[in-house]
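The basis for the numbers below is simple: all heavy atoms, side chains too, and nothing from hydrogens, waters or symmetry mates. Just follow the structure's listing: the first ligand is 1, and inside any ligand the first atom is 1.
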Amino acid sequence: MGLLDRGVEIKTPEQIEKMRVAGLLVGQTLEVLRAAVRPGISTGELDAIAEQSIRDGGGIPSFLGYGHPPFPATICASVNDEVVHGIPGERVLAEGDLISIDCGAIVDGWHGDAAITVPVGEVGEDLVALMRVTEGAMWAGFAAARLGGRVTDISHAVESYVRRQPHPSGGSYGILEDYTGHGIGTAMHQPPNVPNHGRPGRGPKLQRGLALAVEPMVTLGGHDTLVAEDDWTIVTTDGSWAAHFEHTFTLMPEGAWILTALDGGRARLAELGVPYGGLD
Ligand code: MG
Ligand code: MG
């Protein structure tokens, strides 16, 4: 391993299979939450559903008690101009809102981390485009990842994808630069960072046993953000609305394995012409 690889946790094949168990629990929990999102439900109710799902599946919520001040919930629930790290509570979702739900679980000491953005009832065309672009950028990142490549090959692919998409009102999308994807394994956040912008060919080598969370955060406006008074919620400075998608993935000898996707990423990777390397 070179200097750039310092602190990178390389998992054995058996450990990657344990990460798949954690990843599946996160993926299943997010699907339960997606189905539960509707006008009139509170973010606190969604949080309770998530905690039940994770504990029923034999996991522990990763976010609960994380950081300083300790994060007080199982999910991050970020609504409209909140990008990430929103604290669930009394807020009731209304028709036309956009909610980003980030969820992490630990099973047998191994972490999974994933996020989805979900429309509340019917939302505007601009928000539909925002979600499509953000999710598409994440998949473009996976498609650019190759054994022997470098971490910022992913970053470059994410940014390039977003920049190629037409903006609904002729402006340009904002890509957050202050928050990034990350390595993941025995801890939720490990080296290396996986930025959502930048030049390719840099950072640690993409090698077997490395697991990464790729998570573009994209807005309809600027990329500048503020931390709200609760010390957690990240909101856009210009009030523009945001989307956030995330999956945990790894590279196997045969191809990519999306550890938090229910199908391992098989369907979406096939659409992109990317080999699937999962074991299930
Ligand atoms: Mg996350
Ligand atoms: Mg993450």
Side-chain angles (χ1 to χ4, degrees), residues 7-9 11 19-20 22-34 37 43 46-47 50-51 53-54 59-67 70-79 82-88 98-107 110-118 131 134-135 137-139 141-142 145 151 154-155 158 175-197 203-204 210-218 225 227 232-234 242-250 257-262 265:
V8 169
E9 182 180 77
K11 280 65 119 169
M19 289 191 68
R20 173 59 167 157
L24 265 180
L25 181 55
V26 170
Q28 287 158 356
T29 299
L30 283 172
E31 287 313 310
V32 171
L33 293 170
R34 187 198 302 278
V37 168
T43 55
L46 291 173
D47 188 64
E51 180 166 9
S53 169
I54 289 173
I60 300 166
S62 315
F63 299 178
L64 196 59
Y66 182 90
F71 192 78
T74 291
I75 58 168
C76 296
S78 309
V79 182
E82 300 170 353
V83 191
V84 286
H85 303 171
I87 299 175
L98 203 58
I99 181 170
S100 297
I101 303 172
D102 196 341
C103 181
I106 312 164
V107 179
W110 296 93
H111 287 250
D113 185 10
I116 54 175
T117 299
V118 182
M131 286 187 284
T134 309
E135 188 174 20
M138 174 185 67
W139 286 97
F142 299 138
V151 164
I154 298 168
S155 313
V158 168
I175 305 173
L176 266 66
E177 297 181 0
D178 295 339
Y179 301 89
T180 68
H182 49 90
I184 179 168
T186 54
M188 180 166 58
H189 292 133
Q190 298 180 327
N193 285 341
V194 185
N196 292 307
H197 70 108
L210 179 64
L212 299 174
V214 175
E215 49 179 316
M217 291 150 264
V218 180
T225 56
V227 183
W232 273 105
T233 311
I234 306 300
H244 176 216
F245 283 86
E246 176 180 25
H247 271 308
T248 298
F249 94 113
T250 194
W257 193 7
I258 315 302
L259 299 169
T260 45
L262 296 186

Atom name in Glu215, limited to N/O/S, at shortest distance from the Mg ion (ligand 2): OE2
Under 2.8 Å: N/O/S of Glu246 next to the Mg ion (ligand 1): yes
Any side-chain donor near an acceptor of the partner, Thr29 and Ser53, under 3.5 Å: yes
Side-chain heavy atoms of Ser78 within contact of Thr233, under 4.5 Å: no
Aromatic plane relationship, Phe71 with Phe63 - under 30° parallel, 30 to 60° tilted, over 60° perpendicular: perpendicular
Asn196 side-chain N/O to Thr180 backbone N/O, donor-acceptor pair under 3.5 Å: no
Parallel, tilted or perpendicular, as decided by the 30° and 60° cut-offs, for the rings of Trp232 and Tyr66: tilted
Short N/O/S contact of His182 with the Mg ion (ligand 2) (below 2.8 Å): yes
Heteroatom of Asp113 nearest to the Mg ion (ligand 2) (N, O or S, atom name): OD2
Asp102 backbone or side-chain N/O/S under 2.8 Å from the Mg ion (ligand 2): no
